[in-house]
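In what follows, every chain begins at residue 1, and chains take the letters A, B, ... in the order their sequences are listed.
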Amino acid sequence: MKRLLVSELKDHIGEEVRVRGVVDTVRDQGKIIFLIVRDKSGKVQTLVWGGEDKTLLEKVKRITSESVVDITGKLKEAKQVEQGFEIEINEIKVDSLAQSPLPIVIEEEHHDNTTALDRRLDYRWIDLRSKKNSLMMSVATLMTAKLREYCLVNDLIEIQGPRIISAASEGGANVFEVKYFDKKAYLAQSPQFHKQMGIAAGLERVFNVGPVFRAEKSFTTRHLTEYTSFDVEIGYIDSYEDICEFEEGMLRYMLEAVKEKYGEEIKKIFDIEIKIPKDSFPRITVKDAKEKLAKAGIKSKDEGDFSPEEERKISEIVEKETGSEFLFMIDYPHKQRAFYHMKNPNNPELALGFDLFWKGIEITTGAQREHRLENIIENAKERDITEESLKDYFDYFRYGCPPHGGFAIGTERLLMKMLGYGSILETTYLPNTPNRLGKLINKN
RNA sequence: GGAGUGGUAGCUCAAUUGGUUAGAGCAUCUCACUGUCACUGAGAAGGUUGCGGGUUCGAGUCCCGUCCAUUCCGCCA
């Protein structure tokens with residue numbers, strides 16, 4: 001018999017059905033046992049009665065919660081059950097008996113002793129069984145699919161830059177070194193240079209989705225040593241404004257789809273309203289932002305950048321003023337940005353780039369890139385990067401390269417803000433951090 | 001890397017100024033229960049108090065070291 005999903009059962013009342021799933025709850029009443037069975041689509045009550053033949057009852061008595069079962073039985077109308085129906089078990093096969101107790105308590109509404117995050121992550125496969133986490137995984141899937149779809153609709157070419165590279169792309173200190181036969185190699189911190197190669201290759205508009213690696217000992221709620229970067233690079237732009245507009249469109253497209261499919265569930269489970277941005281996001285210069293922050297009594301440590309406190313506060317201020325959860329921060333000092341950002345010709349002290357803030361944190365850095373060979377070499381020199389060290393990269397600009405710009409989104413961060421999580425570890429399937437490679441390392 | 005807070009049962013947490021046998025809820029196990037729905041009731045089991053050292057008649061509690069977690073900062077997406 002073919003397996004039915006719990007969500008399909010309502011059309012089969014009165015029939016013999018087969019469900020497969022996990023035992024959510026066991027309620028043993030002695031001569032009647034209720035098993036609540038869960039699959040990806042929902043939960044259903046099943047039951048077994050004690051009759052003449054006790055073998056089925058005795059078999060069910062031994063089943064622990066979280067065990068995997070294969071049940072066939074009659075789907076009956078049952079007024080006393082909220083759902084209106086239940087399955088009277090004829091046959092039950094235990095595909096996998098779960099050891100008990102579980103090492104962690106799965107996060108559910110009625111559990112007030114949910115296990116601490118670091119331990120839940122050690123048993124992530126059990127942790128992910130919660131309703132909240134399974135919704136998170138579904139939203140993550142749709143989110144990435146829609147970002148990607150937006151790129152396809154707009155005729156971008158997908159590239160897959162290499163993850164093992166011979167030279168660091170963003171400065172040398174924070175790269176992971178790996179052995180490459182008898183040579184040293186590095187894990188890519190960013191597909192930046194390879195995206196730009198795509199522009200020089202005449203692909204005109206490219207995107208790259210995949211893991212990037214940062215050897216930073218960052219102990220925060222928003223850093224990973226390995227994360228998924230959604231990278232876009234677009235040629236023949238007039239300004240970084242074109243990039244901002246593309247990103248606005250992309251995020252709106254994604255948010256609309258997520259809201260349509262999961263908006264109600266997200267509201268119910270996360271108590272988060274997905275807001276679709278109506279107009280273009282506000283642009284605010286670093287200078288203006290600093291003034292607003294000063295007015296709000298926030299001290300600035302660095303005139304060219306924002307502390308986390310400042311990021312939170314400026315988001316709050318701008319949202320209050322404009323109603324927008326998003327804001328583009330522009331006019332950063334060039335010397336505090338990457339060397340490949342283009343300088344503003346009207347004021348070479350400033351970069352033609354931006355950061356995108358969402359609900360208090362930075363989710364994107366973008367810019368118009370410097371595509372003129374002389375200028376980019378000059379920019380590099382200002383940061384003591386020698387021409388020889390990035391010769392292969394500089395060559396991309398030697399044989400004809402269109403003006404271009406792009407941005408990168410940290411997808412785990414995006415999801416974290418979308419669902420209102422307090423930590424990026426929650427929105428990463430199996431997070432790697434300085435002290436965690438899948439599991440905790442160095443733990444006593 | 002810096003600063004703060006913390007580490008006690010499978011899980012979440014208590015434990016008075018340093019004082020008798022380290023407690024509770026949930027989970028687990030046993031028994032009872034034919035309509036539960038966070039089942040209920042009765043009972044049981046469960047501990048090298050992160051690890052190492054020190055002070056003391058006596059340490060979960062105080063001191064030193066160390067590891068880990070966590071929050072914030074720095075760095076960033």
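- Distance CG (A:Asp122) to P (B:C11): 11 Å, rounded to an integer number of Å.
- Counting non-hydrogen atoms under 4.0 angstrom, A:Ile363 reaches the backbone sugars and phosphates but no base.
- Helical stems in RNA chain B, defined as runs of 3 or more consecutive Watson-Crick or G-U wobble pairs with donor-acceptor distances under 3.5 Å: B:1-7 with B:67-73, B:10-13 with B:23-26, B:28-32 with B:40-44, B:50-54 with B:62-66.
- Counting any heavy atom pair closer than 4.0 Å across all strands shown, A:Glu108 reaches no nucleic acid atom.
- Between the side chain of A:His223 and the base of B:C75, a donor-acceptor pair under 3.5 Å is found.
- Contacts of A:Ser218 with the nucleic acid, taken as non-hydrogen atoms under 4.0 Å apart, include base atoms.
- Rounded to whole Å, atom P of B:C11 lies 14 Å from atom CG of A:Asp127.
- Using a 4.0 Å cut-off between charged side-chain N and carboxylate O, A:Asp24 and A:Arg129 make no salt bridge.
- Of the P atoms belonging to B:G6 and B:U61, the separation is 14 Å, rounded to the nearest Å.
- Distances shown here put a side-chain N or O of A:Thr365 below 4.0 Å from the OP1 or OP2 atom of B:A77.
- A donor-acceptor contact under 3.5 Å is not formed by the side chain of A:Arg119 with the base of B:C68.
- A:Thr55 is linked by a side chain to side chain donor-acceptor pair (under 3.5 Å) to A:Asp53, counting only residues two or more places apart in sequence or in another chain.
- Residue A:Arg27 contributes atom CZ, which lies 16 Å from atom C1' of B:A27 at whole-angstrom precision.
- Rounded to whole Å, the distance from CG on A:Asn174 to C1' on B:A77 is 12 Å.
- With respect to A:Asp331 and A:Lys287, no salt bridge is recorded, no charged nitrogen being found less than 4.0 Å from a carboxylate O.
- The interatomic distance linking A:Phe306 (CZ) with B:C73 (P) rounds to 15 Å, in whole Å.
- Of all nucleotides listed (B:C72, B:C76, B:C26), B:C72 comes nearest to the side chain of A:Thr221.
- B:A14 and B:U8 have their C1' atoms separated by 10 Å, given to the nearest Å.
- Between A:Met329 atom CE and B:A77 atom C1' the separation is 16 Å, expressed in whole Å.
- Classification of A:Arg120 and A:Glu426 as a salt-bridged pair holds, one side-chain N sitting under 4.0 Å from a carboxylate O.
- The pair A:Glu310-A:Lys313 fails the salt-bridge criterion, with no side-chain N (NZ, NE, NH1 or NH2) lying under 4.0 Å from an Asp/Glu carboxylate O.
- For the C1' atom pair drawn from B:G7 and B:A15, the interatomic distance equals 16 Å after rounding to whole Å.
- By the ring-ring contact (aromatic ring centres under 6.0 Å, His included) test, A:Tyr262 pairs with no residue at all, sequence neighbours left out.
- Nucleotide B:C76 holds its C1' atom 15 Å from the CZ atom of A:Phe219, rounded to whole Å.
- In this model, the phosphate group of B:A69 is approached by a side-chain N or O of A:Asn435 to a distance below 4.0 Å at OP1 or OP2.
- Each of A:Tyr227 and A:Pro308 has a nearest nucleotide on RNA chain B; the 5'-most of these lies closest to A:Pro308.
- On the P atoms, B:U48 is 40 Å away from B:U34, given to the nearest whole Å.
- Between B:A22 and B:G46, the distance separating the two C1' atoms is 13 Å to the nearest Å.
- Look at A:Glu107 and A:Lys131 and you find no salt bridge, because none of the NZ, NE, NH1 or NH2 atoms lies under 4.0 Å from a carboxylate O.
- Within 4.0 Å (heavy atoms only), A:Phe230 reaches no atom of the nucleic acid at all.
- B:G50 and B:G35 have their P atoms separated by 47 Å, with the value rounded to a whole Å.
- Phosphate contact (OP1/OP2 of B:C72, side-chain N/O of A:Arg312, threshold under 4.0 Å): absent.
- A cation-pi geometry, defined here as NZ or CZ lying under 6.0 Å from the six-membered ring centre and within 45° of its normal, does not hold between A:Arg383 and A:Phe339.
- A:Arg436 and A:Asp122 are joined by a salt bridge, as a carboxylate oxygen and a charged side-chain nitrogen come within less than 4.0 angstrom of each other.
- B:C75 atom P lies 10 Å from atom CD of A:Glu311, rounded to whole Å.
- Comparing atom distances between the A:Leu425 side chain and each of B:U70, B:C75, B:A38 picks out B:U70 as nearest.
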Please list, one pair per line, the donor and acceptor atoms closer than 3.5 Å that link side chains of residues 416-425 of chain A to other protein atoms, with sequence neighbours excluded.
{"residue": "A:Lys417", "atom": "NZ", "partner": "A:Lys359", "partner atom": "O", "Å": "3.2"}
{"residue": "A:Ser423", "atom": "OG", "partner": "A:Leu425", "partner atom": "N", "Å": "3.1"}

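- Toward the 5′ end of RNA chain B lies the nearest nucleotide of A:Ile36, the other residue of the pair A:Ile36 and A:Lys301 mapping further downstream.
- In this structure, A:Arg222 does not reach the B:A77 phosphate: none of its side-chain N or O atoms is under 4.0 Å from OP1 or OP2.
- Comparing the C1' positions of B:G4 and B:A77 gives a spacing of 27 Å, expressed to the nearest Å.
- Residues satisfying the side chain to side chain donor-acceptor pair (under 3.5 Å) criterion with A:Ser134, sequence neighbours excluded, are absent altogether.
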Please list, pair by pair, any protein nitrogen or oxygen found under 3.5 Å from a nitrogen or oxygen in nucleotides 28-35 of chain B.
{"residue": "B:U28", "atom": "O3'", "partner": "A:Ser100", "partner atom": "OG", "Å": "3.4"}
{"residue": "B:C33", "atom": "N1", "partner": "A:Gln29", "partner atom": "O", "Å": "3.4"}
{"residue": "B:C33", "atom": "N3", "partner": "A:Gln29", "partner atom": "O", "Å": "3.4"}
{"residue": "B:C33", "atom": "N4", "partner": "A:Gly30", "partner atom": "N", "Å": "3.3"}
{"residue": "B:G35", "atom": "N1", "partner": "A:Glu86", "partner atom": "OE2", "Å": "2.8"}
{"residue": "B:G35", "atom": "N2", "partner": "A:Glu86", "partner atom": "OE1", "Å": "2.5"}
{"residue": "B:G35", "atom": "N2", "partner": "A:Glu86", "partner atom": "OE2", "Å": "3.2"}

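- In this structure, A:Thr411 reaches neither bases nor backbone, as no heavy-atom distance under 4.0 Å exists between it and the strands shown.
- In this structure the side chain of A:Leu35 reaches within 4.5 angstrom of the side chain of A:Val60, judged on heavy atoms.
- Going from the P atom of B:U66 to that of B:A3 covers 12 Å, rounded to whole Å.
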